[in-house]
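To start, the structure under review is shown below, and the notes come after it.
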Amino acid sequence: MSGHILIVDDEMPIRRLLRVAIERSGYATVEADCGAAALDALRRSVPKLVLLDLGLPDRDGLELIGAFREKLVPIIVLTAREASSEKVAALDLGADDYVTKPFDSAELMARIRSCLRRADQSHGHLRKLTVGPVTIDLDVHGVWKNGAEVKLTPKEFTLLAVLASHPGKVLTHTHLLREVWGPAHTDHVEYLRVTVRSLRKKLEEDSSAPMLIQNEPGVGYRFVER
């Protein structure tokens, strides 16, 4: 079967809930109840996207992320784990997003659609986007708000470009610091906070209630997709 979404979870009620929600939205599904079954399903047919539970009976779901990334499969992690470190680990290994159990089916489907759009856009090399009053053109290094050009520092633009190149995707603190400041500064989270705060003041309608650059507590930041 091609063009399907692979559901990897050891709990049958969860798989059933996911299958109904996904198939109602027009996607086919394949299910796996453990890591070995997930890898077997991947060998048989590469899915459009995988929903991956971390708490599998035969191995940690984190161990499977590399196999799916090798096939360029988008990954949304499903986890009941509350620790931010688990979410950060999954994202740093290559997961595209995460959803914490228990989850809302409508929100999950929105995350799936967003993830699939990003995968499509990556082939088209999205270079210009408009979100609300803000337009970002990565080719000319330009940013406009309500038609007026916004002056950004080089670090502000680089950070914005990294975030905006992955709209809807959570990027971890470590990833952003490595991309913008370099590998020697991955522990300097305050650099990131200061620059995000400055960007919000320049781009948001209300920097105290940000709509464009949203915080994922203990994990990183997400540039919203609209």
Side-chain angles (χ1 to χ4, degrees), residues 4-11 14-15 18 30-43 45-101 103 107-108 111-123 159 161-189 192 214-223 225:
H4 62 277
I5 291 176
L6 176 60
I7 301 168
V8 185
D9 198 296
D10 63 323
E11 298 182 59
I14 297 291
R15 294 202 308 274
L18 291 168
V30 170
E31 299 177 32
D33 61 1
C34 64
L39 292 175
D40 183 58
L42 178 63
R43 283 190 291 269
S45 182
V46 177
K48 288 174 65 69
L49 179 143
V50 59
L51 296 174
L52 178 63
D53 180 27
L54 294 184
L56 299 173
D58 57 344
R59 68 190 72 188
D60 193 309
L62 292 172
E63 298 174 20
L64 301 178
I65 291 176
F68 288 109
R69 294 310 300 167
E70 285 181 5
K71 300 293 186 179
L72 303 180
V73 179
I75 303 163
I76 296 179
V77 164
L78 300 176
T79 178
R81 302 174 184 177
E82 295 295 331
S84 296
S85 59
E86 297 282 354
K87 300 167 186 175
V88 169
L91 293 166
D92 279 342
L93 284 169
D96 293 86
D97 204 348
Y98 67 87
V99 175
T100 303
K101 297 178 181 179
F103 53 83
E107 178 188 355
L108 176 62
R111 297 286 183 92
I112 289 173
R113 290 190 294 269
S114 175
C115 202
L116 291 173
R117 277 195 298 271
R118 286 198 301 274
D120 290 340
Q121 289 167 353
S122 69
H123 298 298
L159 176 57
V162 173
L163 286 164
S165 295
H166 304 87
K169 177 179 171 65
V170 180
L171 299 179
T172 66
H173 297 141
T174 299
H175 176 87
L176 291 169
L177 287 162
R178 184 172 58 244
E179 291 294 310
V180 180
W181 283 272
H185 300 285
T186 54
D187 292 330
H188 298 169
V189 179
L192 186 55
Q214 296 186 342
N215 182 41
E216 293 286 332
V219 178
Y221 294 92
R222 183 198 305 265
F223 188 86
E225 179 184 46

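Just so it is clear, the model here is predicted, and its values are computed rather than measured. One is the number of the first residue; the rest follow in order along the sequence.
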For the residue pair [X] and [Y], what are the closest heavy atoms and their distance?
| X | Y | result |
| --- | --- | --- |
| V88 | G218 | CG2-O, 3.7 Å |
| G35 | D58 | N-OD1, 2.8 Å |
| S114 | P167 | OG-O, 4.2 Å |
| K48 | P74 | O-CD, 3.1 Å |

Output yes when a side-chain donor or acceptor of [X] lies under 3.5 Å from a complementary backbone atom of [Y], and no otherwise.
| X | Y | value |
| --- | --- | --- |
| R222 | G168 | yes |
| K169 | A95 | yes |
| R69 | V73 | yes |

[X] side, atom [atom1]; [Y] side, atom [atom2] - distance, nearest 0.5 Å:
| X | Y | atom1 | atom2 | result |
| --- | --- | --- | --- | --- |
| K101 | L54 | NZ | CG | 8.5 Å |
| L18 | F103 | CG | CZ | 4.0 Å |
| L56 | D33 | CG | CG | 9.0 Å |
| R178 | D92 | CZ | CG | 6.5 Å |
| C34 | D9 | SG | CG | 11.5 Å |
| Y221 | E216 | OH | CD | 11.0 Å |

Does the side chain of [Y] come within less than 4.5 Å of [X]'s, by heavy atoms?
| X | Y | value |
| --- | --- | --- |
| L52 | I76 | no |
| L49 | I75 | no |
| V77 | V99 | no |
| L171 | L91 | no |
| W181 | L192 | yes |
| I7 | V50 | no |

Where do Y98 and E86 land on the side chain to side chain donor-acceptor pair (under 3.5 Å) test, with the steps shown first?
CA-CA 10 Å; Y98 67 87; E86 297 282 354; over 6 Å; no

Taking the basic N atoms (NZ, or NE/NH1/NH2) and the acidic carboxylate oxygens, is any pair closer than 4.0 Å for [X] and [Y]?
| X | Y | answer |
| --- | --- | --- |
| D97 | K87 | no |
| D10 | R15 | no |
| D96 | R111 | no |

In L42, L6, V8, the residue satisfying side-chain contact (heavy atoms from CB on, under 4.5 Å) with V30 is L6

Test side chain to side chain contact (heavy atoms under 4.5 Å, CB included) on L108 and L51; report intermediate values, then the result.
CA-CA 10 Å; L108 176 62; L51 296 174; 4.2 Å; yes

